[in-house]
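Okay, so here's the structure we're looking at.
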Amino acid sequence: MDKITSLRMENITKTFPGMKALDNVTIEVKEGEIFALVGENGAGKTTLMNVLMGLYQSDGGCIILNGQKVCFTSPNDSFGCGIGMVHQRYMLVPNLTVKENIALGLKKAWKKVKLDMDFVVSKIEEIGEKYDLVVDPDAYIWQLSVGEQQKVELVKTLCLGAKFLILDEPTSALTPQEIDELIQLLKTMNKKLPMIFISHKLKEVKELSHKLAILRHGKIVFCGDTNDYSSSDIAALMTGREVKMPENNEEKEFGDYALELKNVNVKSIRGFLALNDLNLKVRSGEIMGLAGVSGNGQLELAQIINGLRKIDGGEILFLNEHIENTSPIDIIQKGMGYIPEDRNTEGIVPSFSIKENLILKDIENEQFSNHTIINNKAINDNAEKLREQFDIRCVNTSLSAGALSGGNIQKVILAREIARKPKFLVAVYPTRGLDMGAAQFIHSKLLEMRKNGVGILLISEELDEIMNLSDNIAVIFKGHIQKVLPAKTATRREIGMLMAGVNND
Amino acid sequence: GSEESAAKEDDGVVKVALIVENTIDDKGWCQAMHDGILAAQERMPGEIEYSYSEKMKPVDAGSAARQYVADGYDIIIGHGAQYKNLILEMADEYPDVTFAFGTSAEVGPENVVTYMPESEETGYLSGIIAATISKVDVLGVVGPVDGGDAARYNRGFVLGAKSVKPDVEVMVAHTGSFSDYIKAGEVAQSQIKAGVDVLTGSSQQALGALRATADYPDEDIWWVGQDLAQLKMAEGQLKCVAASSYDYAPVIVSLVENVKNGVKGGYCVPMNFANGGFIFGFNEALSDLYGSDLEDAINAQISEFVNNPNSVDWKSVDYSQL
Amino acid sequence: MDFIVNILALGIPFSVALLLASIGEMFNQRSGIFNLGCEGIMAMGAFIGMLIPYSVGQGGATAEIYNFLGIIAGALVGALLGLVFGVVVITFKAKQGIAGIGMQLFCVGAAGTLFRHFVGGTQSIPGIGKFYIPLLSKIPILGQIFFSHNILVYIAFLFVPLSVYILFKTPWGLRVRAVGTYPRAADSLGINVNRVRFQALAVGGALAGLAGAYLSLCQAKMFSDEMIAGRGFIAVALVYFGHWDPIKIMWGALLFSLAQSFQLAVQGQGINFPYEFAVMLPYVLVILTLAFSRDKKKQEPAALGIAFDREKRT
Amino acid sequence: MTRQFKILYKTSIILIAVIATLLIGSVILVTIDADVFRTYLVILTEPLKNKIQLTEVIIRSIPLSVIALGITVAYRSGIINIGAEGQMAIGILTSTAAALAFYNVPRPLNIIIIVVCGAIGGGIWGFIPGILKAKLKVSELLSTVMLNYIAAQFYTFFLRGPMIDPAELTLGSGTPQSMRLEKTVWLDRLIRGTRLHTGIFLVFVLAIFIYILLWKTSFGYKLRAAGASEKAAKYGGIKVAFFVTVSMVISGAFAGIAGSVEILGVHHRAIEGITSGYGFSGLVVALFGGLHPAGIIPASFLFGLLLVGADMTQRIVGVPANMVQVLEGIIILVIVAAQQVLNDKYLMDKIWKKFHAEEAK
Ligand SMILES: Nc1ncnc2c1ncn2[C@@H]1O[C@H](COP(=O)(O)OP(=O)(O)OP(=O)(O)O)[C@@H](O)[C@H]1O
Ligand SMILES: Nc1ncnc2c1ncn2[C@@H]1O[C@H](COP(=O)(O)OP(=O)(O)OP(=O)(O)O)[C@@H](O)[C@H]1O
Ligand SMILES: [Mg+2]
Ligand SMILES: [Mg+2]
């Protein structure tokens, strides 16, 4: 097959035990098209694409490629037809190198007794030239930032000879610059290949796609030309209601300094300074946005504030008390709240029930345990209260938290952290991968906390999020705060320059 | 397993049950008792019905013994001192049944028989042989655990060797296990490398050491065995100069007869050359190695033991002083 | 000097069974399967290994051929049992730890039962003798330490670089590493995760079987149902010692065996402390070495112990 | 999916499992010319036929369940403790030492002292792998295997040396075993003519204790969190290293208690071979029991049944003793496989769809 001129998924139905994930879904993608697929978390977008890749077997329906019915039972079949997919959760083996990851799928490199690595490298170079995508073939995946991994995923998919590209939320973890680059890249690539593009960010969808389908609860609720609809139309179609992202536009007095970092240095595992003479002060009631390209020390910063990592020099003051190199529990008890980057395994204990997760930090609290004996009633009541207050969607709070969708997991974490009435909150990528409804909810909660006088350090890669919510914006580069700007007057351009390490002062 | 004798259930038949920790064909401790019972069966045709249970951990032995009692067995032998408590307690509960265990020198209650192989005597003989045929005067002992039967045999060996050549060097090493054949082989190899030319060893693991000596078919490396069964093995034929065994047949015969006569126990049977508890044999195939001098010396020693049992002061041996 | 040479010359062959089984277990674990049944597979390998020369090839000029047939049969049975284990933990997705214990019981028991039935009590066999490498074995000291062993010793040590090569240079090794770390990624590239795991289990089982056959045919030259005596578990432990790296596993096996041969030599020299403390030495040494080694790089195959199911969410 | 289908599915899986067990076992049984049918009949029915055998089953399930409860604590904190055998051995040593040292203490106090000392001994032996894992990242799979061997050597050393029964020395039999414990500390027999002892009550007490500890206290909550997700626990301010160590201490202590109870209830002195096999069997029981006291108690009974029943086959049917292990192994393999299949909703769904599709046609 030289070219994919049309791909049609017809009446696809897929059930998982106890739920119907896809219900009679039909979509069609033509040559030269970028087809956008949008929908809330859990709508079934990824499931549909996995059916297309042959990873899931659908219960009903069929796939028609260039007018011919095909049957995919394994990704080998779909690769054979030239369909490639960049998965939502990157399918890269962390302890293999870039070229090994690519060789894993590149059957031509599988010589009898030896892997033909030269072939793999030349293939990587060929693709790199063709699409202007440069990756280091010898780097290990775990060494790469999320943005770089994203590129590797693309290169991998292209090396395997994709003539049709599926991109499942490729931008959710990228910085603004990276997103812009990727969109440009996809636009040029589209001249050669049709694509399906999944994203929660309607701006990207508008910019990139020709056609658009909206999935809700496993059904296509809308399908049409992207250009005919505005972002807010699409948002309304998607969620069934009007969505407006809240903004921080309320003047207020800040309190005293709640968190002060003075000349902090942290060595990374790989030897260099992950945090380099970092200074930062945040007041009560202030939202300090931390902008920066991922991998510039944001995670280390969040960890040291919460006692999860030792510092190698400097001081950290929390409400005028030293907290550097103390234990997490001391810091928690002093009133620190933390929304971690990895919500699935760090923010919750996946096998614990929702109600248990809601008291992860408060189990020793008299409210929930009396002389170490747990008070189940209090825990249940607490869970019911928070479930209602934070709109956590679950059958009941005794279910294990790991079974929740990403957005609901984030709500559980947020509910726990806010209910503890912290004096300060560190929020890391709080809306990564969440749909608009969920993001809106979380933003409004953060602003509510600000109103109540809680200082917030908001670490994010989304400039929009930072600019919408922050009072001040600090820009981090190579572990050092470049500059702190008032959010009112800051421009995207200026922040972008600082993030890239250009400092005019 | 059970080997029911041809005789039907009648007054003349005594039912004997054996409980062993290893297997009845281990060419060592357990097999000796098994063979003894079979021999007794032959000597008293139709009078003994016999069943055994193998691989009995202490707790399993309790179940098995109780089952045997329930099945009407007259004599239950727990072949190992680890069964002592079990036997004593059951003897208390079931006064009509005879229980036996060994090694033990204690005289137990009315219905308990103990037996005590004085294996330092066999060790002593092995020591004499080893020291006599050794060319380099360095001997090796491959011990399992330094306790019980093995402790006596090995110390008797040291004394026997010293009685022939007071300056002989004896290397003693223990594997720490009764059944780790491979480690016993490793010990033997290590000792042979260190210059030992005649070895001995006790418990079933010793077969591993015996096998290791056979790896030097053309060299003057020899073995003295603790069980006659070793002589019949291929490597025994090749390397085992002599061996002595426990002969339980007399013990069993007398036990059965006593039971028939209404004596349920209350005595201890020491086993030694004096009462025919031991048998000794040379390996004819290796007769070049030992002259009639040695045979005479051994015979003399045996008659010495017969006249003078319990004369080997095995407790005096301190391995660290060797 | 002799003392040290002897320790080395014995320690090296002692390490072979551990080395082979441990490398086999490393292949299992690299592919994501934790096989505690190693001990049992070794027992079966040892039994089948000795059964062939025992039953068909005793004595005669062709004995060597039957010995090698025995070794091959031991490895084949090991591979077969690895596949059986695969059916339990891959096809049926049973929990691996407990299934491994079941496997161990089954194999040790079956080896013992069949042995009792077909052979009887502890049985010795001629086994495989030493192979002195021409010229090299004549070198003073080194010849004795390195070049005067039976042929399987050399082969086992060749397995170390070979398995490094297989793991890191061949397509199959790449697949094994991928399915053990992130099976979903491998699956998304069209690699049949379960097939690769079956293959790895067959390889691991074959090496464990080979290790058993080494014990019965080369080291002990006999068989008894209790002869493996926990070596399979030590082999599993050594995989953790070596952090899934064949070379470090080799150092672990050597450390253990040299300590073993050292303590035996010391015991023979006469000790004035209880011998039990000498017997403990290898075990203590392995723990301490691992505890105080600098290298704590965690390379544990991330998917170790988790059955793969494409449709199931993890 | 209808309820009928679910029941049909489950029963057929169980049926297939039973048939598979019987078939695989009979392959070996036929090979060794044993009577297949009688062998199975004996295993399944003999132990239940009279009170002696039934109590023997319970006697085995006592140490099994105590060890399994301990293993559960470790497992819940993320550690696979395969060192119960060594921990039990050390527990036997310390409790015997205590029993011999405190012989003139009133009975209830004395028993408590002995059991506590057993717990301390086992606890120390559990503490070592715990602290090695928590502080030095030494895999417990390595350390516990090695410590089992080390414990075995300590065991013979003490029974042969410092703790040997003086009578063994004076009478010259020299068997490595301790003096017999005073009758005053023996646990009472519950049924005349059997060995069933009051240790059974301790099992229930400990099971309730573990249930409360793990599921009803904040300590247990934190311990389970540490095991379920180390990262999340650290994030939540839980000192994971502490819980890893403490849970291993508890786990070891339970194995030690199992040792004490065996001494006080069954053997009445420390002898060789008491521990053999309980470590692994305990792990199997813990996992069969779903790592929960409510499952462990029946699982330990079933496993005890299997041990006694399989052991009886050698006397009644005449199969070699090793066959016990073969049958145990097969049963474990089949049950774990079947357990997984029974609970596999995806598979059930798939089969349902297949049937359904056919019906639709
Ligand atoms: N393997 C699975 N087993 C069970 N349920 C599943 C599985 N995969 C997905 N689901 C469920 O199917 C529904 C659709 O999930 P899917 O991942 O396709 O959503 P999505 O639209 O991609 O969401 P997101 O925007 O969060 O990526 C969800 O309710 C999800 O919980
Ligand atoms: N080549 C380099 N020179 C100096 N510092 C570097 C270099 N590469 C990375 N760093 C710093 O090392 C730290 C650790 O990098 P790492 O890739 O672990 O980032 P991260 O915080 O995990 O972010 P992310 O997960 O978003 O990639 C970062 O703070 C980064 O600033
Ligand atoms: Mg998705
Ligand atoms: Mg990173």
Side-chain angles (χ1 to χ4, degrees), chain B residues 1 22-28 30-31 54-55 138 140-143 145-146 169-196 204-205 207-212 214-215 217 229-230 233-236 238 318-322, chain C residues 2-3 5-11 13-14 17 46 58-59 112 115-116 119-127 129-130 144 150 214-216 218-231 257 260-280:
Chain B
N22 199 24
T23 57
I24 47 90
D25 50 10
D26 67 352
K27 301 192 169 67
C30 305
Q31 183 172 356
E54 296 180 317
K55 305 225 168 195
V138 190
V141 174
V142 183
V145 162
D146 190 15
E169 192 185 329
V170 186
M171 289 190 175
V172 183
H174 292 89
T175 58
S177 156
F178 288 101
S179 57
D180 196 335
Y181 301 86
I182 294 173
K183 218 188 231 175
E186 291 176 354
V187 173
Q189 287 186 38
S190 162
Q191 294 188 338
I192 293 167
K193 282 257 181 210
V196 164
Q204 70 261 28
Q205 52 122 26
L207 295 179
L210 164 58
R211 181 62 191 84
D215 260 355
Q230 293 178 4
M233 302 174 77
E235 61 272 25
L238 192 63
D318 179 356
Y319 290 147
S320 65
Q321 304 300 317
L322 291 178
Chain C
D2 267 0
F3 184 72
V5 171
N6 287 344
I7 289 172
L8 293 173
L10 284 175
F14 289 175
Q58 288 277 45
F115 174 72
R116 289 298 296 287
V119 183
T122 311
Q123 183 63 50
S124 60
I125 38 166
K130 286 184 181 169
Q144 214 198 96
N150 73 66
Y214 172 82
L215 283 178
S216 66
C218 301
Q219 193 172 335
K221 297 178 183 149
M222 62 187 296
F223 183 85
S224 139
D225 55 342
E226 289 177 341
M227 71 182 282
I228 307 298
R231 285 176 178 77
S257 310
Q260 172 77 351
S261 107
F262 170 75
Q263 77 72 16
L264 293 178
V266 169
Q267 271 198 59
Q269 296 298 309
I271 46 175
N272 50 10
F273 56 89
Y275 72 88
E276 282 93 348
F277 294 96
V279 176
M280 281 177 207

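Order of the sequence lines sets the chain letters (A, B, ...), proteins ahead of strands, with each chain counted from 1. As the structure is a prediction and not an experimental result, all values here were calculated from the model.
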Side-chain ion pair, B:D215 and C:K130, N-O less than 4.0 Å: no

Among the listed options C:M280, C:M222, C:M227, the residue most often paired with chain B at heavy-atom distances under 4.5 Å: C:M222

Contacts under 3.5 angstrom, residues 265-277 of chain C side chains, donor-acceptor by atom type, not counting sequence neighbours:
unit_1 : atom_1 : unit_2 : atom_2 : d
C:Q267 : OE1    : B:H174 : N      : 2.5
C:Q267 : NE2    : B:H174 : O      : 3.0
C:Q267 : NE2    : C:Q263 : OE1    : 2.8
C:Y275 : OH     : B:D146 : N      : 3.0
C:E276 : OE1    : D:R160 : NH2    : 2.9
C:E276 : OE2    : D:F157 : N      : 3.4
C:E276 : OE2    : D:R160 : NE     : 2.8
C:E276 : OE2    : D:R160 : NH2    : 3.4

Chain C contact via B:V187 - which portion, at a heavy-atom distance below 4.5 Å: both

Sub-4.5 Å side-chain heavy-atom contact between B:D180 and B:Q205: no

Residue B:T175 versus chain C: region with a heavy atom under 4.5 Å: backbone

Under 4.5 Å from any heavy atom of chain B - which part of C:A9: side chain

Partners meeting ring-ring contact (aromatic ring centres under 6.0 Å, His included) with C:F115 (sequence neighbours left out): C:F223

Test log, rule side chain to side chain contact (heavy atoms under 4.5 Å, CB included), inputs B:I182 and B:E186: CA-CA 6 Å; B:I182 294 173; B:E186 291 176 354; 3.9 Å; yes

Atom group of B:D318 that falls short of 4.5 Å from chain C, counting heavy atoms: neither

Interchain contact, B:V145 with chain C, by part (heavy-atom threshold 4.5 Å): both

Any donor-acceptor N or O pair under 3.5 Å, side chains C:T122, B:Q204: no

Which of B:M233, B:K193, B:M171 touches chain C most, by non-hydrogen pairs under 4.5 Å: B:K193

Leading residue by heavy atom contact count with chain C [cutoff under 4.5 Å; candidates B:S190, B:G185, B:A184]: B:S190

